[in-house]
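Letters go in sequence order (proteins before strands), and every chain restarts at 1.
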Amino acid sequence: MANITNDEVDVVVVGLGWTGSLMSIELAQAGLKVRALERGEDRNNADFAYPKPADQYAYGVRNKIMVTPKDGALTVRHNMHSTALPTRKWGAFVPGTGVGGSGLHWTGVLIRPTPTDIKLKTYADQAYKPGILQEDMRIGDFPFTWEEMEPYLDKFDKICGLSGNTGNLRGEIQEGGDPFEGPRSNPYPLPALKDTLNCSMFAEAARKLGYHPFPNPSANVSQAWTNPYGNQIAPCNYCGYCSKYPCLNYSKASPQTAVMDALKRMDNFDYRVNANVLKVELHPDGKTARGVTYADADGNIVFQPAKIVVLAGFQFVNVRLMLLSGIGKPYDPITETGVVGRNYAYLSNGGTTLFFKDKHFNPFATAGATGQMFNDVSPGNYDGPSLGFIGGAKIHSSQATGTPIGTALPKGTPDWGQGWKEGMQDWYGHSMKISISTGCMSYRGHYVDLDPTYKDPWGQPLLRITFDWKENELKLQQYLRTIVNNIAQELSPDSYSESFLSMDSHWDITKYVSTHNVGGAVMGESPETSALNRYLQSWDVHNVFVPGGNAFPQNFQANPTALIGAITLFSAQAIKEQYLKNPGPLVQA
Amino acid sequence: MRNKSRSILLIVVVIGIVLALLAWAISLVLNRSGDPEAKMTQAITPELVSKGEYLARAGDCVACHTRRGGKPFAGGLGIESPIGTLYSTNITPDEKTGIGGWTYGEFERAVRRGINHDGSALYPAMPFPSYARVTDEDMEALYAYFMQGVAPIEQANQVNDVPWPLSIRWPLAYWRTFFSPSPESAAQSLAAAAEASHEQIARGAYLVQGLGHCGSCHTPRALTMQEKGLDESSAAYLSGSELNGWAVPSIRGMAHWSQDELVDYLGTGRNAKASVAGEMTDVIANSTSHMSDEDLHAMAAYLKSLSAEQPSKGGSERSEATASKLTAATDLSLGERLYLDNCNACHFVSGKGAPRVFPQLDGASVINAANPTALIHVILAGAQTPSTARAPAVLPMPGFAYRMNDEEVAELATFLRQGWSNDAAAVTAAQVHDVRQSLAHGHGQAKTTIEPSQGER
C-alpha cells in the first residue's frame with residue numbers, strides 16, 4: 001500500500017454510469033482533460049455477447065452485475081426513533097457498479113416528467129387549500145422551466161434512440177401518444193416497439209374507460225439507430241432479458257452503447273476502473289475542491305488532483321461522498337437546518353395479475369420496456385385536490401420478461417414441488433399484469449445521513465436511510481387500486497390476484513420495486529433548502545457538480561432517467577459556457 | 001572413364017560458378033535502379049509532413065511495420081512467407097536502428113524499387129510492385145513524414161528466419177526485374193489510363209493500385225508469387241484470391257454494393273449490408289478509415305468501373321421460402337434449428353440483419369464464396385467492427401466455437417450457404433475441423449488498432 005499522486009486533470013468524474021459518461025464526453029468535447037474513476041470493473045459490449053446474459057439465476061436472482069452489499073451496503077430504518085440495520089441482500093432496489101453503472105441494467109423506460117411535475121410546489125400551492133396536504137410534506141419546484149430543459153430532454157432522447165409515439169409536438173396533441181406530455185420540440189426519434197397481447201388488451205380496455213394509453217417510451221430501440229455521438233444501438237430483438245441484465249444485443253441505450261465507444265476515442269479522456277473514491281479533498285478555506293482521494297485495486301491510496309470534481313455516482317454514493325467530504329451542511333430533521341441529506345424519496349408500485357386460461361401472452365418474446373401506459377392520473381390531470389392527496393402514477397400493463405423464476409401463478413398454487421410444477425405447466429404464459437408506479441413526496445423526517453454504527457471496509461460510515469410510507473402515498477395507492485381493478489374487470493379474467501399497499505403498510509426493502517431512489521442532495525432556488533443550484537453545482541464548493549437522481553426534490557411518477565440525463569447535459573453546458581470562463585458560483589445565493 | 005567423368009563434372013561446376021558469378025554481377029547492375037543520392041526538390045514543411053502522414057495511412061505502412069503491442073513503425077512483425085518468416089523493419093527516424101540516416105534517394109529506392117539501403121534486394125513482402133506507382137511528389141511527402149512526423153524508436157531489426165540457400169538475396173533482383181514495374185514505366189501506364197478515364201476514376205486507380213496495394217490480397221498470384229496483374233489491363237486484377245486460408249473476395253465491379261455503400265464500408269467497416277471481418281478489419285481501422293471522403297469515393301468509383309461477371313439474379317422466392325420456414329419453425333433441419341438458436345437474434349429469419357449493425361446474410365459474398373473458410377472462421381471466432389472516427393461503435397459478433405461441434409458448424413454453414421437466395425456447396429465437418437485447428441494456432445486473430453504516436457512532432 002502506497003500513497004500516490006496522479007497527474008492533475010481538468011475534470012475528475014467520480015463514477016462512469018449515465019451521468020459520468022455524459023459529463024465526460026461533453027466536457028472532453030470542450031477540450032478539457034477528463035479522467036473518470038469507476039469503483040467497479042470495466043465492461044463493454046463484448047463482455048455481454050450473446051447468449052451470456054440469458055441467465056436468470058446469475059443476473060436476475062444473484063444480481064451478477066450489481067454492487068455487492070459488502071461494497072455498497074446502506075442502513076435503513078423507518079423513523080428517527082429506531083436503529084437502522086444494514087442491507088445484507090438487495091431487494092427493493094439494486095444499485096449497479098462498474099462501467100455503465102445502473103445504466104447497464106436499467107429496463108429502458110425513458111419517459112419525461114410533465115411540466116406540472118417539475119413545478120409541483122407551485123401547483124400544490126395553487127390547487128390545494130391550506131391544510132389538505134400533510135404538514136410535514138417538503139416538496140419543491142425544480143429550479144428551471146420546461147422551456148429551458150426541453151432541448152436537453154430532446155438531446156437525451158436522441159442519445160438513447162427513444163422509441164415510441166409522440167404525444168405533444170410543439171403544442172399539437174398527436175394521435176397515439178401521451179396527450180399529457182409537455183410540448184416536445186421534435187417527435188420521438190424512432191417508432192414504437194411492437195405491442196404484445198397484454199398491451200393491446202390493456203390499451204383497448206383503458207381507452208373504453210376514458211383513459212389515454214400509449215406505448216411505454218422505450219430506450220430499447222425499435223430500429224437501428226446512430227446517435228449524435230456517432231454511436232450505434234441495434235434494433236431490439238425482444239429477447240426477454242432486460243431489466244437487471246446487460247443487453248446481449250446492444251439494443252438498450254446504455255453508457256456502453258450510447259456513449260463509451262465515442263468517448264474512448266478521445267485523447268483527452270481516460271478512465272480508471274477499480275478506483276473507489278473515498279473523499280473529495282477541499283482546499284483549506286473549504287470553498288473549492290482540489291481533487292479526490294481513491295483506493296485503487298491494489299489498495300494504494302491515490303490522490304487525483306483536479307480543477308473540477310463531478311460526483312456522478314448513484315444517488316446514495318453522491319450524497320454520502322458529500323457528507324464524508326464536508327461539502328455542504330448536513331441536514332438535521334429536528335432543527336430543519338442543513339441541506340445535505342434532505343428530501344430523500346423512493347417510489348411505490350403495485351398491481352393486479354390477471355389469469356386467462358385460453359390466452360397466450362408469450363412473455364418470453366418481449367422487450368424490457370414493452371407495454372402500454374397512461375398518464376391520466378398525474379398531478380394536475382385528475383382531481384387530487386378534492387381527493388386530498390398529491391402525486392400520481394403511471395398505470396401500465398408491461399411485459400418486461402418471461403423468465404421462469406418468480407412467474408406469477410394463481411392464488412393457492414404451492415411455491416415449490418410438484419404442485420408448483422403443475423401450476424407452471426397450467427399457467428405460464430397465461431397471465432398479464434396491470435401495474436402502478438407512483439410518485440413519492442418528500443417529508444421532513446425522510447432523509448439520509450451517516451450511520452453512527454456501521455462502517456464500510458475502508459472504515460467509513462455507511463449511509464443511513466430514514467424512510468417509511470406516509471398517509472398521502474397510501475391514500476394514492478387506494479385510489480389507484482380502484483382504477484386498476486376497474487380495468488381488470490373490463491378484461492374479464494378467469495381469476496386475478498392483487499398486490500397494493502394497505503393503509504397500515506410500512507416500507508419493505510426486501511421485495512423488488514425499482515431502483516429509483518432520489519433526493520438527498522437536491523437542486524433548488526435557495527441554499528437554505530437545497531444542496532445544489534440549478535446547474536447541479538454545490539452552493540458551498542463551487543467546483544463540485546453533482547448530477548443524478550440525488551437532485552430531485554421529490555419523486556414524480558415518470559421514470560427518472562430522462563430527467564437525470566437532461567439535467568446532466570444542462571449542467572455540462574453551463575460548465576462549458578459559463579463556469580470555464582468565470583469559475584465561481586453560477587447562481588448568486 | 002573415371003577421369004573423363006571427373007573432368008566433365010569439373011567443367012560443369014566451373015561453368016556453374018561462372019554463370020552464378022555472372023548472374024550475381026548482373027544483379028548488382030539491376031540493383032542500381034534509381035539514385036541513392038537523389039535529393040528532395042522542396043523543403044520539409046509541416047504541411048508536407050501532414051500530407052505524408054495521410055499518405056502513410058493510405059499505404060497502411062503501420063500495419064506491417066509494427067509488431068503486436070509494439071511501438072508504431074518500429075518493425076518486428078513476423079510475416080509468414082513460403083520461404084520462412086520475414087520480419088518487418090524499423091522505419092522510424094532513429095539514426096541507429098531505423099531509417100533516420102537515409103537519404104531521400106535511399107528511401108525512394110526502398111519504397112518504389114525494392115532496393116535496400118545497402119543496395120541489396122528487398123523481399124516482395126514489401127509491396128514495391130504497387131508502390132512503384134506512387135508519384136515523386138507523394139514520395140517526397142512520405143519521406144518528410146517519416147523523417148519528421150514519426151517518433152524515433154531505438155529497436156534493432158530482427159533477423160529473418162529464412163534458411164540458406166533461400167536466404168541468398170541477389171536472385172530477388174531478377175524477380176523484381178521481371179515482375180515489378182519501374183516507377184518510370186508505372187508513371188507512364190497511369191498517365192495513359194488517366195487520359196482514358198474520368199478524373200475521379202484516375203485518382204481512384206492511383207490509390208487502389210499504388211499506396212492502397214489492394215491487389216496484394218485481392219489479386220491471385222502466379223506460381224512465382226507475383227500478382228497476376230497490377231492494373232485493369234489484366235482481367236485477373238482484384239479478381240479474388242486466398243490469404244492464410246481465407247477466401248478473399250473479388251472486388252471488381254462490386255455490383256452488389258452502391259458506391260456510397262463501398263465508401264461507408266471503407267470508412268467505417270460497416271454498411272447497410274455488411275460488416276467487416278478478418279484481415280480487412282485492420283486495413284479499415286489503420287488505413288482506409290483515415291482517408292478523406294473524396295479519396296474513398298475515388299477508390300469506390302474505380303472499383304465500380306472494373307468489369308466483372310454479372311452476379312446471378314437473386315431468388316427472392318427462395319428467400320421468402322426460407323424466411324417462412326424459419327418463422328413456422330416446424331420440421332427444421334439441424335442447420336435451420338441452429339440458425340434460430342444462435343444467429344436469428346441478430347440476423348433475423350429474413351437473413352437481412354439491420355443496416356450498419358447486423359450484416360445481411362442473404363446474398364453475402366462471404367457466405368457464397370467457393371471456399372467456405374472465411375465463413376467457418378467467422379462462425380467459430382466471431383468478428384467485431386473496428387472503432388473509427390466516422391463510426392466509433394465496436395459491435396461484436398461472438399464466436400460460437402465453444403457452443404457447437406464441427407458437425408453442427410458444418411450443418412449451420414451449409415444452411416447459410418443454401419438458405420434464402422444463397423447458392424454454394426455444402427460444408428463438411430472436416431473443413432470445420434481444419435479451420436478450428438488453424439484458430440487454435442492463433443491464425444487470423446485481429447490485431448488492435450495502431451495509433452501512431454503524435455507527441456513527437
Side-chain angles (χ1 to χ4, degrees), chain A residues 21 25 28-29 42-54 159 161 190 194 221-242 246-251 253-269 362 364-365 367, chain B residues 264 267-273 275 285 289-290 327 329 338-350 352-360 378-379 381-404 446 448-449 451-455:
Chain A
S21 61
I25 195 165
Q29 281 178 346
D42 204 358
R43 288 167 171 175
N44 57 51
N45 285 341
D47 295 332
F48 304 116
Y50 179 84
K52 285 184 236 172
I159 289 169
L190 291 173
K194 301 264 186 266
V221 308
S222 60
Q223 293 175 7
W225 178 250
T226 302
N227 79 5
Y229 300 130
N231 282 309
Q232 292 172 270
I233 311 177
C236 175
N237 65 14
Y238 304 84
C239 78
Y241 294 89
C242 201
C247 184
L248 53 76
N249 212 49
Y250 31 93
S251 301
S254 65
Q256 274 75 3
T257 57
V259 186
M260 290 307 298
D261 283 345
L263 181 56
K264 285 180 191 174
R265 293 185 58 82
M266 303 183 76
D267 293 334
N268 53 337
F269 168 79
N362 295 343
F364 42 82
Chain B
D264 198 13
T268 69
R270 68 208 80 187
N271 66 20
K273 295 181 180 130
S275 292
S289 69
H290 298 267
T327 304
L338 290 166
Y339 179 80
L340 284 178
D341 285 348
N342 296 287
C343 320
N344 180 62
C346 299
H347 299 282
F348 307 128
V349 292
S350 63
K352 299 277 188 233
R356 306 187 81 238
V357 179
F358 301 133
Q360 184 170 324
V378 171
I379 295 172
Q384 65 179 26
T385 54
S387 180
T388 65
R390 290 178 180 91
V394 177
L395 305 174
M397 163 173 157
F400 290 85
Y402 78 103
R403 271 171 73 82
M404 284 184 258
T448 45
T449 307
E451 287 299 332
S453 151
Q454 310 196 333

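- Interface remark: B:D341 contributes backbone atoms only to the contact with chain A (heavy atom separation under 4.5 Å).
- Per-residue counts of heavy-atom pairs under 4.5 Å with chain A were compared for B:A389, B:A354, B:A391; the largest is that of B:A389.
- A:D261 approaches B:A393 most closely through the heavy-atom pair OD2-CA, 3.2 Å.
- Side-chain atoms of A:Y250 do not come within 3.5 Å of backbone N or O of B:V394 as any donor-acceptor pair.
- With a 4.5 angstrom heavy-atom cutoff, B:R403 touches chain A only via side-chain atoms.
- Interatomic distance, OG1 of A:T226 versus CZ of B:R270, reported as 8.5 Å (0.5 Å rounding).
- Heavy-atom minimum distance, A:N231 versus B:P392: OD1-CG, 3.8 Å.
- Taking CG of A:N237 as the reference point, atom CG of B:N344 lies at 8.5 Å (rounded to 0.5 Å).
- Smallest separation of non-hydrogen atoms from A:Y50 and B:P398: O-CG, 3.3 Å.
- Residue with the most contacts toward chain A among B:T268, B:T385, B:T388: B:T388 (heavy-atom pairs, distance under 4.5 Å).
- B:S387 contributes atom OG, which lies 4.0 Å from atom CZ of A:R265 (distance to the nearest 0.5 angstrom).
- The two residues A:Q232 and B:R356 have their closest heavy-atom pair at NE2-O, 2.9 Å.
- Note: A:P235 leads A:C239, A:P235, A:A224 in heavy-atom pairs under 4.5 Å with chain B.
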